[in-house]
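Note that the coordinates shown come from a computational prediction; the quantities given were computed from them, not determined experimentally. Note on naming: letters A, B, ... go to the chains in the order of the sequence lines (proteins, then strands), and numbering restarts at 1 for each one.
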Protein chains: 2
Amino acid sequence: MPRKKAQSTDKADSRIRLADIAKAAGVSRGVVGRVLNGGKGNSRVAEATAKRILEIARHMKYQPNVAAQQLKGMRTHMFGTLVASAGDPLRSFLVQHLDTEAVKSGYHTMIGNTIGSDTVGPNQFDYYVDELSRRAVDGVFCAIHNWFEGDRKALTERHPNTVFFEDPGVRGAHVVKANRYIAARLATRHLLERGRRRIALIVSDLKKPTCQDRLRGFRDEHEAYGKQAQDDLVFNAAEHGKAFAWHNPELLTWQFPEEVVDLAIDELVRDAGADALVCNDDFWAATVLRRLHARGVSVPAHVAVVGYLNHYLADWTDPPLTTIDTRQDLAAERMLKMMEHLVMQGPLPEEDRVVEITPRLVVRGSS
Amino acid sequence: MPRKKAQSTDKADSRIRLADIAKAAGVSRGVVGRVLNGGKGNSRVAEATAKRILEIARHMKYQPNVAAQQLKGMRTHMFGTLVASAGDPLRSFLVQHLDTEAVKSGYHTMIGNTIGSDTVGPNQFDYYVDELSRRAVDGVFCAIHNWFEGDRKALTERHPNTVFFEDPGVRGAHVVKANRYIAARLATRHLLERGRRRIALIVSDLKKPTCQDRLRGFRDEHEAYGKQAQDDLVFNAAEHGKAFAWHNPELLTWQFPEEVVDLAIDELVRDAGADALVCNDDFWAATVLRRLHARGVSVPAHVAVVGYLNHYLADWTDPPLTTIDTRQDLAAERMLKMMEHLVMQGPLPEEDRVVEITPRLVVRGSS
DNA sequence: CTGAAAGCGCTTACAG
DNA sequence: CTGAAAGCGCTTACAG
């Protein structure tokens, strides 16, 4: 797509330049540059001159033209943030925190929404890899759920300064991710401490490493408590069809397949006598709450329920949902730290490239 | 903050330039430029030459340096999006839709989060007005809730191409906003059609024009139905203290003052015999649902409840919440249309500068 | 149809 | 301590 010329109506024409300040101050542009955007070492400028220039610049509301600076090899101080969230508020949170953290360090973020537009074509991921090159961003945050397409390896090759949220499956990549092992332990411990003795675990798909982490945490915490997690109290949703929340753009609602939830309740609560359910995520948990209610099972009296995410909905279910907060704020903070290291000093040592964020239990009424 | 030089590790150094293509194709840079980024009229280039250049460029993975283009007066094709959402997912939705729409037209968006960082100083709004000048954005979307500080007038002066979401109270501004009059009518009509006869309206503050709009809609719809809205069925929350949802960063939860909700229920349901409540927003509605439940009032059997926003939570309350969707997707679409007009043809005629988005009723279990 | 050249607004060695 | 000048990678009249 060819770029277009600015309209004459644009304010760009009337912007104050370095040369304007120089003229007003009666010095050369070089001196003004050294004072205002003063980078490199030999910035010895007479105190008085500097002060005068600063004063004039402020008065004339000078703003440097970053395009010109960029062309001279300055960094853009811009990061690209790739997401494919389709309205998932958890990613939105992360995106926002990433921006907040970036601004703290003098950077800005450009969104790259890799789904949502047919115009760019089927492979928006590739499009953004190029676009971020054109814009010469200093780095890329990739927070695209890993089930979306896109050549992550190509991304890291074109943009060595890339930090991922959640494991992209690229060797040597810089990654920040939530520790699901600890998440499962926190949930389990909480329920054990509340006197639950038949705690069940619901996971989306035991083939996924993340679910294996949860299972390990679930078992280890039982053991640490002198108990043994039981196999008939583990529900692997993948064996009963896909079970995740999806947005219906026609109805403007979120939906969740209740059949699978009912199956889980049959198997775990009715048959195996579970008195607590550690759910795969808050959508699962919210639907579990509703189905339990429909069956006359009271929460938390008969069965306790714990979610994972601390999604918005957690405060508005009935009862409000005890859940694990994945701390996207901390994740964003760490992602920015990693990025700054990448930008200033290059890649981290191999062994420091994966950072895990410790989640936090949020207790509400469902447990 | 002085910009810093790029590290030698950066990939920028090795980027292919127009000159590289020119050399490879055995032509001048001018011709290559006309073929690849070809803007202005006289772009007559021999078919064969063009094809060869295109081929070589693709092969060498040429990406134009936008900074250089910018310096020559090209537009940046970048919009700034100002928000102060602190995690409000509705704004996040809008931000995302704005980006999606922008990309469709060949633009990108830079986030400007005007709260969330102490580093930039107390007045981040002003900071962004400057920053967006430095970056020479083609326009600014301002979606900052109007109760946040910031000189909107100064913004429109520095960035004539500014489109607001919701009325900023600046004369002549370009604005897209939700039509609350229609929202109230839709909710009221729905309840009347469902046989409710004592419908109550809860608004945050009757001094606000937006709440006046709702009240008008509420009354007009009654009238259209051959009925009369009753004054004892209008609850003005402002008279009983502040009542809005807020996020508790310590507990990682959202909270809502239940006392005011109880007061509303006392006044409207217990005393005035309301059989339906049109709430100020989904937070209100969700809390109303919970308090009604606690009092043994069943929804929708005894009382129907309708919200406003179609926030995420609406699908996860018990029962799920009937509410008004404000159509942020349509709002974003219209904002982009306005922006494109501003960029290409300058301001709209005064009378076309405020666009209202027609909301949509989403029926769930609470009515 | 194509090339040579000016210039966008900066930064930064290099002289003075 | 300050100035004159080169040059970043493009676009675009202007000649040929």
Whole angstroms only, please: what is the [atom1]-[atom2] distance between [X] and [N]?
{"X": "A:L36", "N": "C:dC10", "atom1": "CG", "atom2": "P", "answer": "10 Å"}
{"X": "B:N65", "N": "C:dG9", "atom1": "CG", "atom2": "P", "answer": "16 Å"}
{"X": "B:I53", "N": "C:dC1", "atom1": "CD1", "atom2": "C1'", "answer": "11 Å"}
{"X": "A:Q63", "N": "C:dC10", "atom1": "CD", "atom2": "P", "answer": "11 Å"}
{"X": "B:K23", "N": "D:dC10", "atom1": "NZ", "atom2": "C1'", "answer": "17 Å"}
{"X": "A:R52", "N": "D:dT2", "atom1": "CZ", "atom2": "P", "answer": "8 Å"}
{"X": "A:L18", "N": "C:dT12", "atom1": "CG", "atom2": "C1'", "answer": "12 Å"}
{"X": "A:R15", "N": "C:dC8", "atom1": "CZ", "atom2": "C1'", "answer": "12 Å"}

- Task: Run the salt-bridge test on B:E131 and B:R135 with the 4.0 Å N-O cut-off and return the result as yes or no.
- Result: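 Judged by the 4.0 Å cut-off on N to carboxylate O distance, B:E131 and B:R135 do form a salt bridge.
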
- Item | Side-chain ion pair, A:K61 and B:D130, N-O less than 4.0 Å | no

- State yes or no: are the ring centers of B:Y128 and A:H108 separated by less than 6.0 Å? yes

When you check the phosphate oxygens OP1 and OP2 of [N], does a side-chain N or O of [X] lie under 4.0 Å from one of them?
{"X": "A:Q69", "N": "C:dC10", "result": "no"}
{"X": "A:Y62", "N": "C:dC10", "result": "yes"}
{"X": "A:T49", "N": "D:dC1", "result": "no"}

- Query: Applying a 3.5 Å limit to both distances, which nucleotide forms a Watson-Crick or G-U wobble pair with D:dT2?
  - Reply: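 Pair assignment: D:dT2 / C:dA15.
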
- Message: Between B:L71 and B:S28, which residue's closest nucleotide on DNA chain C lies nearer the 5′ terminus?
- Response: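 Mapping each residue to its closest nucleotide by heavy atoms, the 5'-most match is B:S28.
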
- Ranking B:A68 and B:G26 by the position along DNA chain C of their nearest nucleotide, the one closer to 5' is B:G26

- Message: Quiz question: going by heavy-atom distance under 3.5 Å, is there a donor-acceptor pair between the base of C:dG7 and the side chain of B:K72?
- Response: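 Under the 3.5 Å cut-off, the side chain and the base do form a donor-acceptor pair.
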
- Ignoring the backbone of B:V31, work out which of C:dG3, D:dC1, D:dT11 is nearest its side chain.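 Of C:dG3, D:dC1, D:dT11, C:dG3 is nearest to the side chain of B:V31.
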
- Message: Given C:dT11, C:dC10, D:dT2, identify the nucleotide with an atom nearest to the side chain of A:R29.
- Response: C:dC10

- Query: What interatomic distance, in whole Å, is found between C1' of C:dT12 and the corresponding atom of C:dG16?
  - Reply: 16 Å

- side-chain contact (heavy atoms from CB on, under 4.5 Å) between A:D138 and A:F79, intermediate numbers included: CA-CA 6 Å; A:D138 291 338; A:F79 296 133; 3.8 Å; yes

- Message: Between A:T76 (side chain only) and A:A136 (backbone N and O only), is there a donor and an acceptor less than 3.5 Å apart?
- Response: yes

